[in-house]
Protein chains: 2
Amino acid sequence: MTSTAASGARSGTKGVARAEREQQILEVAGRVFGDRGFAATSVADVAREAGISKPLIYNYFGSKEGLYAHCLREASGLLIAEIERTAALGAVGVARAVATLDGVFRVLAGRTWLWRVANDPTAPVADAPGELMGAYRRRLEELAREGVGELLALSGDDDALDLDAMTAVCGTIFGSLVTWWCDHPGIAPEEMGARCERLFGAVFGPALGR
Amino acid sequence: MTSTAASGARSGTKGVARAEREQQILEVAGRVFGDRGFAATSVADVAREAGISKPLIYNYFGSKEGLYAHCLREASGLLIAEIERTAALGAVGVARAVATLDGVFRVLAGRTWLWRVANDPTAPVADAPGELMGAYRRRLEELAREGVGELLALSGDDDALDLDAMTAVCGTIFGSLVTWWCDHPGIAPEEMGARCERLFGAVFGPALGR
DNA sequence: TCGATATGACTCTCGGGTAAGTTACTACGA
DNA sequence: TCGTAGTAACTTACCCGAGAGTCATATCGA
């Protein structure tokens with residue numbers, strides 16, 4: 001399956017150029033990590049699915065964690081970029097939430113495993129993976145906290161722990177909508193965006209349509 | 001630490017009676033599984049913390065999964081019982097959600113690791129654990145689906161997938177409130193119950209106070 | 001020949017699971 | 001009252017497979 005005849009091999013090498021091979025490995029790894037989770041995936045699995053040998057992965061990525069960190073960097077990078085892009089648009093409250101969701105759906109379209117990679121509960125908490133993981137979580141939380149603060153202030157609630165809890169809840173609402181979408185592969189990003197808008201509308205009533 | 005002098009040892013035995021020992025092991029196991037998760041916990045860990053040897057665990061529980069299943073049975077049993085108790089009270093909508101949360105906080109007070117055991121994402125999906133895990137989830141979902149259907153119908157939404165997604169979201173809202181509480185050990189169940197009521201109120205407005 | 005790509009065949013550790021024995025106590029017959 | 005047999009509780013020392021990580025080597029273009 002090594003298909004030696006593939007691609008116009010770059011200079012001075014036998015097979016595929018390093019950069020190209022790395023990209024290929026990363027795509028496979030992302031898919032496998034996303035499907036089975038970090039803990040349940042072995043490096044040999046990834047190698048087999050990529051049609052190469054295990055040592056090559058260690059050559060290029062150093063360790064299982066290193067490989068995962070690269071996948072995670074791609075996933076969290078895409079997500080953060082999209083979140084920032086939407087945030088810069090200046091919408092607030094529910095409108096921003098919907099817009100952010102919409103953007104995330106578009107970014108993840110066709111590669112939903114990236115979401116699972118970025119939210120893998122079996123991922124190592126230490127070192128590079130842990131830090132990367134924390135980064136976009138924190139950014140999401142910041143934005144959520146803002147919107148939630150507004151909402152609670154409206155009802156005269158200024159309890160710090162209330163804000164904290166509500167922020168956590170909003171984060172998981174966001175997450176569960178994306179996860180639900182990832183679990184329903186037939187649904188287009190636009191369709192899911194519309195669905196979110198509808199659901200928020202149903203909860204907050206037509207008044208908050210903004 | 002085996003405290004040979006403990007309890008009026010039952011007939012014909014050297015140390016602790018089986019039932020008593022099983023109980024002791026289960027408590028330690030629940031705590032350890034809850035803290036570190038199924039995957040990251042080794043049977044030897046549990047044995048060490050319980051002050052006994054590994055084979056004794058295999059004697060009594062058959063396998064690591066068997067041990068976990070016993071812990072899970074306790075956890076899910078308590079949770080289901082509480083959920084059913086509250087459901088039988090007949091409240092609906094937000095009122096029921098708040099009442100259920102309140103009950104769960106009371107049940108989990110002082111043993112919050114049971115929640116983590118019942119929601120361990122690293123638990124095996126097959127066999128006994130998987131089935132037990134599914135049971136109370138399904139029950140929770142049924143109840144949520146009911147309330148959500150009501151809410152969506154109010155706003156003229158009868159899309160089946162909308163209902164599905166919204167139910168999933170409500171389930172994670174419930175979960176994230178409990179998890180948040182578990183992560184804030186200083187907070188009393190009653191206090192947390194009040195907090196939930198406050199937060200639901202802030203979202204749905206005073207109108208839905210019922 | 002050099003350097004980059006690539007691999008087969010290892011080593012080593014961890015952890016689930018087991019075989020075989022040891023200890024301490026009771027029951028009971030002589 | 002003293003063996004001795006029975007049995008439940010409990011442990012030490014092991015097996016074995018999975019999987020992370022490594023090393024010596026092979027292949028091939030320039």
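Quantities reported herein were computed from a predicted structural model and do not represent experimental measurements. Order of the sequence lines fixes the chain letters, A, B, ..., with proteins taken first and strands second; residue numbering starts at 1 for each chain.
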Legend entry - Contact under 4.0 Å: B/R18 side-chain N or O vs D/dA8 OP1/OP2: no
Kindly point out which of [options] is positioned nearest to the side chain of [X]?
| X | options | answer |
| --- | --- | --- |
| B/P55 | C/dA19, D/dG21, C/dT7 | C/dA19 |
| B/L56 | D/dA20, D/dC10, C/dG17 | D/dC10 |
| A/K54 | D/dC10, C/dG16, D/dG21 | D/dG21 |
| A/N59 | D/dA20, D/dT11, C/dA6 | C/dA6 |
| B/I52 | D/dA20, D/dT11, C/dG17 | D/dT11 |

Below 4.5 Å, heavy atoms only, C-beta onward: do [X] and [Y] meet side chain to side chain?
| X | Y | value |
| --- | --- | --- |
| B/F38 | B/K64 | yes |
| B/E82 | B/L78 | no |
| B/W180 | A/D164 | yes |

Does the [X] side chain pair with the main chain of [Y], one donor and one acceptor, at a distance under 3.5 Å?
| X | Y | answer |
| --- | --- | --- |
| B/Y60 | B/A19 | no |
| A/Q24 | A/A50 | yes |
| B/D45 | B/S42 | yes |
| B/D157 | B/D159 | yes |

Calculate the interatomic distance between [X] atom [atom1] and [N] atom [atom2]; express it in whole Å.
| X | N | atom1 | atom2 | result |
| --- | --- | --- | --- | --- |
| B/Y58 | D/dC14 | OH | C1' | 14 Å |
| B/F33 | C/dG16 | CZ | C1' | 12 Å |
| A/D45 | D/dA18 | CG | P | 12 Å |

Legend entry - Between the first and last five pairs of the helix from C/dT1-D/dA30 to C/dA30-D/dT1, the angle of the axes, rounded to 10 degrees: 30°
Legend entry - Touch class at under 4.0 angstrom, heavy-atom based, for A/S53 against every strand present: base
Inset, instruction - List in numerical order all residues of residues 60-70 of chain B for which some heavy atom is under 4.0 Å away from an atom belonging to DNA chain C. - result: B/S63, B/K64
Inset, instruction - First locate atom CD of B/E131, then atom OG of B/S76, and finally report the distance between them rounded to the nearest 0.5 Å. - result: 11.5 Å
Legend entry - Interatomic distance, A/I173 atom CD1 to A/C196 atom SG [nearest 0.5 angstrom]: 11.0 Å
